[in-house]
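Single-structure report; data block below.
Labels below follow one simple rule: chain letters A, B, ... track the order of the sequence lines, proteins then strands, and each chain is numbered from 1.
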Amino acid sequence: MLRSHTCGELTKDHAGQSVSACGWVDSYRDHGSLLFIDLRDRYGKIQIVFDPSESLEAHALAGSLRNEDVIQAEGLLKLRAPDLINPKIASGEIEIRAVKLTLLNKSKTPPFEPTGENIPNEDLRLKYRYVDLRRPALQEALILRHKLCKATRDYFDKLNFLEIETPMLGKSTPEGARDYLVPSRVHPGSFYALPQSPQLYKQLLMVGGLDRYYQIARCFRDEDLRADRQPEFTQIDVEMSFVDQEDILTTIDGLLACMVKEIRGTELKLPLPRLTHREAVERFGNDKPDMRFGMELVDIGDIASRCGFGVFTKTIEGGGRVRGLNAKGAAEKYSRRNIDELTVFVGEYGAKGLAFFRVKEGALDSPIAKFFSEEDQRAIIAKLGGEDGDLLFFVADKCDVTSAALASLRIRLGKELKLYDPLDLNVLWVLEFPLYSRDEENDRWKAEHHPFCYPHIDDLGLFDTDPGAMRAQSYDLVCNGYEAASGSVRIHDPKVQQKVFDFIGIAEEEAEERFGFLLNALRYGAPPHAGIALGLDRWVMMFLANDNIRDVIAFPKTQKAGDQMTEAPSAVDAIQLRDLHIKLDLPESED
RNA sequence: GGCCCUGUAGCUCAAUUGGUUAGAGCGCCGGACUGUCGAUCCGGAGGUUGCGGGUUCAAGUCCCGUCGGGGUCGCCA
């Protein structure tokens with residue numbers, strides 16, 4: 001071993017010991033004769049003192065050191081004199097008096113200082129990710145990520161779950177997200193697909209009798225990226241046999257309590273609260289409400305229908321809705337100009353306008369207040385719990401538009417008005433998602449979640465009468481406004497599965513071609529089973545109160561799904577293409 | 001595919017809103033210094049303002065195109 005201790009583990013208890021430490025030069029302070037190096041590793045920092053009277057050779061070499069050089073320093077660990085203690089760092093009371101210095105590797109001048117004050121452009125950080133990874137914030141994220149995985153494995157192990165790997169090379173099922181394809185050399189013209197999730201394999205494991213499965217599984221989706229979406233991401237994938245929905249919820253409640261205990265050291269109150277999908281959309285505008293703060297959506301359709309404001313009355317007459325929310329105490333915080341910005345903002349979600357009222361002396365103050373009687377003004381204020389100084393917003397449109405616009409407005413206002421502590425974790429279940437929705441473009445029904453989801457037991461009769469009203473035995477775990485897990489009770493009856501395929505327009509032949517292996521498996525003794533998958537990356541983000549998924553993945557991709565460091569994806573040479581029997585047919589470029 | 005933001009020294013930023021030779025801090029190079037810890041002090045190097053075109057007496061600044069990065073809508077069964 002080149003080191004006797006890590007930089008971070010040395011304390012004053014080691015005083016008097018001869019130690020050897022390795023790491024990166026974090027900074028140097030050269031006083032001509034006396035010279036100080038702060039040595040850094042992932043455990044911490046320690047000051048090394050080079051005194052020519054103790055080692056002329058080590059001191060001379062130390063003079064040539066620069067940031068990010070990799071060194072080994074040997075010497076006596078000493079307590080600092082009381083007046084030399086640096087209270088700013090953990091090891092501020094001790095230092096190593098170097099008698100020997102070895103330059104393990106000289107570094108070029110780094111493109112940026114990983115522990116400097118200014119965090120450089122992400123672009124540059126991604127190109128030199130190996131330098132960026134020395135940043136404590138990034139290391140903290142990866143350490144936390146490890147702890148979550150460890151807690152997960154310990155938890156499931158105690159409950160008799162098996163961690164089982166499923167194939168990366170699978171069959172393409174061109175429904176849902178686009179697949180990443182991998183050409184087969186031995187089967188010219190055929191392709192594997194990288195898994196969007198281990199969904200079908202884990203169901204097959206249940207048929208195989210491995211009745212409690214989990215996997216920390218990499219998943220791939222060739223779709224556009226977002227701040228919280230990468231083309232490859234990790235989910236904690238779970239499936240259980242001989243269980244119902246309640247068993248999954250309870251099991252995952254327990255997992256989360258374990259995670260919170262491990263990371264935060266606090267007790268998560270169980271059971272986690274539950275909301276139906278219908279209630280979530282009505283109260284918060286979407287199926288993943290951030291409930292760290294209130295500001296719930298309120299319907300004022302009754303007042304809107306009788307007021308003198310044409311936009312409102314016509315919306316109600318046309319079957320739309322008028323809903324709003326109350327930004328408490330925000331009347332003075334948002335100028336007309338700010339509100340104009342918010343109007344543009346809700347426009348991105350389809351809203352054609354944003355009505356606003358300031359509550360002033362018990363009445364509404366707004367350019368459109370004149371269209372409302374005094375009585376109706378008071379009614380609106382009462383409905384939204386308004387008080388003087390509040391700012392009320394309303395959107396009048398089709399129901400879906402009011403939901404989308406107000407949900408986004410609510411999130412934005414919550415953030416801008418600092419209505420919550422970013423480190424809070426607010427976790428809840430959203431239940432009873434709709435099973436099917438109309439695909440108007442193709443004039444057919446489609447599965448909301450996926451076609452393997454079991455209908456709510458009370459709704460099985462609705463296939464022929466009102467399929468849009470059918471509820472799924474599905475559940476999402478929502479945390480701070482993110483979909484943090486999603487799952488369902490699966491169909492284990494091949495007849496029900498075939499009925500679902502029929503219903504969403506997948507003909508029997510096509511179903512056999514695409515999902516034959518699953519249908520077949522269901523015919524050979526499939527137990528009732530259910531499962532769920534948690535987005536690991538998102539959980540790391542939430543524990544850190546970080547809103548960028550790239551900060552919790554060691555080697556993430558850019559928005560165009562590229563890797564700035566390796567420059568993947570890249571062209572391949574003609575021989576590789578020939579072996580795969582692939583000819584390129586690229587769009588013409590002008591140059 | 002749409003909309004929005006962004007690109008100035010190795011890095012983080014500035015440049016009086018179109019006007020002199022594009023500045024500062026950190027980093028880098030050289031020098032001084034025996035208790036610093038964001039060391040200090042002295043000196044120095046470093047720029048095709050992403051790239052290409054255009055408008056103008058004059059462009060880092062305005063316009064068009066293009067490339068990179070980011071956010072978002074669509075998309076993500």
Side-chain angles (χ1 to χ4, degrees), chain A residues 26-39 45-54 59 66-68 80-89 91-92 95 97 108-128 131 173-179 196-197 199-200 219-231 233 341 344-350 404-405 408 412 433 435-437 439 441 445-453 472 474 483 486 488 500 504 506 514-515 535 547-548 550 557-560 562 564 567 589-591:
Chain A
D26 193 63
S27 64
Y28 59 95
R29 296 173 290 282
D30 187 348
H31 288 230
S33 52
L34 212 51
L35 192 153
F36 305 92
I37 299 278
D38 284 347
L39 191 63
K45 287 183 199 174
I46 181 86
Q47 173 165 281
I48 321 279
V49 187
F50 294 91
D51 187 330
S53 69
E54 293 182 44
H59 178 267
R66 292 295 178 269
N67 290 346
E68 303 308 317
R80 299 197 198 181
D83 56 322
L84 301 178
I85 287 171
N86 178 7
K88 289 189 211 164
I89 61 172
S91 63
E95 61 192 10
R97 309 281 311 193
K108 284 177 70 175
T109 300
F112 58 91
E113 297 162 78
T115 58
E117 294 231 319
N118 299 319
I119 299 175
N121 274 335
E122 208 177 353
D123 195 8
L124 187 82
R125 287 168 38 209
L126 289 174
K127 182 173 177 188
Y128 296 95
V131 175
T173 54
E175 185 138 351
R178 274 183 280 268
D179 286 324
Q196 295 179 26
S197 92
Q199 177 63 35
L200 297 176
C219 304
F220 304 85
R221 292 181 192 174
D222 187 5
E223 295 293 344
D224 285 356
L225 284 74
R226 287 288 187 280
D228 63 344
R229 257 167 38 191
Q230 281 276 301
F233 60 97
E341 282 169 19
V344 171
F345 176 72
V346 295
E348 290 167 27
Y349 301 88
S408 302
R412 175 164 170 169
F433 278 69
L435 244 195
Y436 307 111
S437 65
D439 176 2
E441 205 174 313
W445 292 93
K446 61 170 187 176
E448 259 312 289
H449 188 45
H450 57 57
F452 316 111
C453 179
S474 72
E483 178 191 315
S486 184
S488 62
V500 169
I504 60 177
I506 299 180
R514 280 163 58 183
F515 304 110
D547 52 15
N548 181 348
R550 295 179 298 278
K557 306 273 191 291
T558 66
Q559 198 183 51
K560 290 210 171 85
Q564 295 290 94
E567 296 183 321
S589 65
E590 296 297 319
D591 48 48

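- Comparing the P positions of B:C29 and B:U36 gives a spacing of 24 Å, expressed to the nearest Å.
- Between the C1' atom of B:C76 and the CG atom of A:D224 lies a distance of 9 Å, rounded to the nearest Å.
- At least one side-chain nitrogen or oxygen of A:Q559 sits closer than 4.0 Å to the OP1 or OP2 atom of B:G71.
- Listed nucleotides: B:G35, B:C29, B:G25. Nearest to the side chain of A:N118: B:G25.
- One finds no side-chain N or O of A:R29 lying less than 4.0 angstrom from the OP1 or OP2 phosphate oxygen of B:U36.
- Considering only side-chain atoms of A:P120, the nucleotide from B:U12, B:C33, B:C37 that sits closest is B:U12.
- A straight line from CD1 of A:I48 to P of B:U36 spans 18 Å, rounded to a whole angstrom.
- With rounding to the nearest 0.5 Å, the separation of CD1 in A:I46 from CD1 in A:I89 is 7.0 Å.
- Residue ring and nucleobase are stacked for A:H31 and B:A39, with a centre distance beneath 5.5 angstrom and an angle between planes beneath 30°.
- Ionic pairing of A:R229 and A:D224 is not present here: no N-O contact between side-chain nitrogen and carboxylate oxygen is shorter than 4.0 angstrom.
- At the phosphate of B:G27, neither OP1 nor OP2 sits under 4.0 Å from any side-chain N or O atom of A:T109.
- A close approach under 4.0 Å does not occur between any side-chain nitrogen or oxygen of A:R550 and OP1 or OP2 of B:G69.
- Residue-level contact check: A:D30 touches the bases, meaning some heavy atom is under 4.0 Å from a base atom.
- B:C63 sits 37 Å from B:A45 when the C1' atoms are compared, rounded to a whole Å.
- The separation between A:F36 atom CZ and B:U34 atom P is 11 Å, rounded to whole Å.
- Looking at A:R514, its side chain never comes within 3.5 Å of a backbone N or O of A:T173 through a donor-acceptor pair.
- Phosphate contact (OP1/OP2 of B:U12, side-chain N/O of A:N121, threshold under 4.0 Å): present.
- Whole-Å rounding puts the A:R229 CZ to B:G70 C1' distance at 15 Å.
- Separation of the P atoms belonging to B:U6 and B:G18 is 15 Å when rounded to the nearest angstrom.
- Base pairing of B:C62: its partner is B:G54, meeting the Watson-Crick or G-U wobble criterion (both donor-acceptor distances under 3.5 Å).
- Rounded to whole Å, the P atom of B:U49 lies 11 Å from the corresponding atom of B:U8.
- Nucleotide B:U49: unpaired (no Watson-Crick or G-U wobble partner with both distances less than 3.5 Å).
- A donor-acceptor contact under 3.5 Å is formed by the side chain of A:E95 with the base of B:G35.
- Between A:K560 and B:G70 there is no side-chain polar atom (N or O) within less than 4.0 angstrom of OP1 or OP2.
- In this structure, B:C3 and B:G71 make a Watson-Crick or G-U wobble pair, each of the two defining distances being under 3.5 angstrom.
- B:G60 sits 11 Å from B:U21 when the P atoms are compared, rounded to a whole Å.
- To the nearest 0.5 Å, atoms OG (A:S53) and NE2 (A:H59) are separated by 9.5 Å.
- Both A:K88 and A:P110 lie close to RNA chain B; mapped to their nearest nucleotides by heavy-atom distance, the more 5′-ward contact belongs to A:P110.
- Between the side chain of A:E223 and the main chain of A:R178, a donor-acceptor pair closer than 3.5 Å is present.
- The side chain of A:Q47 contributes no N or O atom lying less than 4.0 Å from OP1 or OP2 of B:U36.
- Taking a pair to require two hydrogen-bonding distances under 3.5 Å in either a Watson-Crick or a G-U wobble arrangement, B:G23 pairs with B:C13.
- Ring stacking is absent between A:F112 and B:C11, as the pair misses the limits of under 5.5 Å between centres and under 30 degrees between planes.
- Look at B:U8: it lacks any Watson-Crick or wobble partner with both distances under 3.5 angstrom.
- Map A:P111 and A:R221 each onto its nearest nucleotide of RNA chain B; the residue landing nearer the 5' end is A:P111.
- Contact between the side-chain N/O atoms of A:Y349 and the OP1/OP2 oxygens of B:C3 is not found at any separation under 4.0 Å.
- For the pair A:L124 CG and B:G69 C1', the computed distance is 11 Å after rounding to whole Å.
- Annotated as syn: B:U17, whose O4'-C1'-N torsion sits within 90° of 0.
- For A:L34, counting side-chain heavy atoms from C-beta on, the closest listed nucleotide (B:C28, B:G35, B:G38) is B:G35.
- Between A:R226 and B:G70 there is no side-chain polar atom (N or O) within less than 4.0 angstrom of OP1 or OP2.
- Rounded to the nearest Å, the gap between the C1' atom of B:G46 and that of B:A9 is 6 Å.
- Among the atoms of the strands shown, only primed sugar atoms or phosphate atoms (P, OP1, OP2) are found under 4.0 Å from some heavy atom of A:Y28.
- Across the protein-nucleic acid pair, A:H59 atom NE2 and B:U36 atom C1' stand 13 Å apart, rounded to whole Å.
- The aromatic rings of A:F345 and A:Y349 sit perpendicular to each other, their planes meeting at more than 60°, with 30° as the lower class boundary.
- Comparing B:C5 with B:C11, their P atoms sit 24 Å apart, to the nearest whole Å.
- Atom-to-atom, CZ of A:F50 to C1' of B:C37 comes out at 15 Å; the value is rounded to the nearest Å.
- If you take atom C1' in B:C41 and the same atom in B:G50, they sit 38 Å apart, rounded to whole Å.
- A:S33 comes within contact range of at least one nucleobase, with a heavy-atom separation under 4.0 Å.
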CA sep, side-chain torsions, deciding dist, call: A:R125, A:R550, side chain to side chain contact (heavy atoms under 4.5 Å, CB included): CA-CA 11 Å; A:R125 287 168 38 209; A:R550 295 179 298 278; over 6 Å; no

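- Here the P atom of nucleotide B:C67 and the CD atom of A:Q564 are 15 Å apart, to the nearest Å.
- A donor-acceptor contact shorter than 3.5 Å is absent between the side chain of A:S437 and the backbone of A:E448.
- Counting distance only, with no hydrogens placed and no angle test, the side-chain atoms of A:R66 and the base atoms of B:G10 include no donor-acceptor pair under 3.5 Å.
- Residue side chain A:R80 reaches the base of B:C37 through a donor-acceptor N/O pair under 3.5 Å, judged by distance alone.
- The main-chain N or O of A:K557 is found under 3.5 Å from a side-chain atom of A:Q230 such that the two form a donor-acceptor pair.
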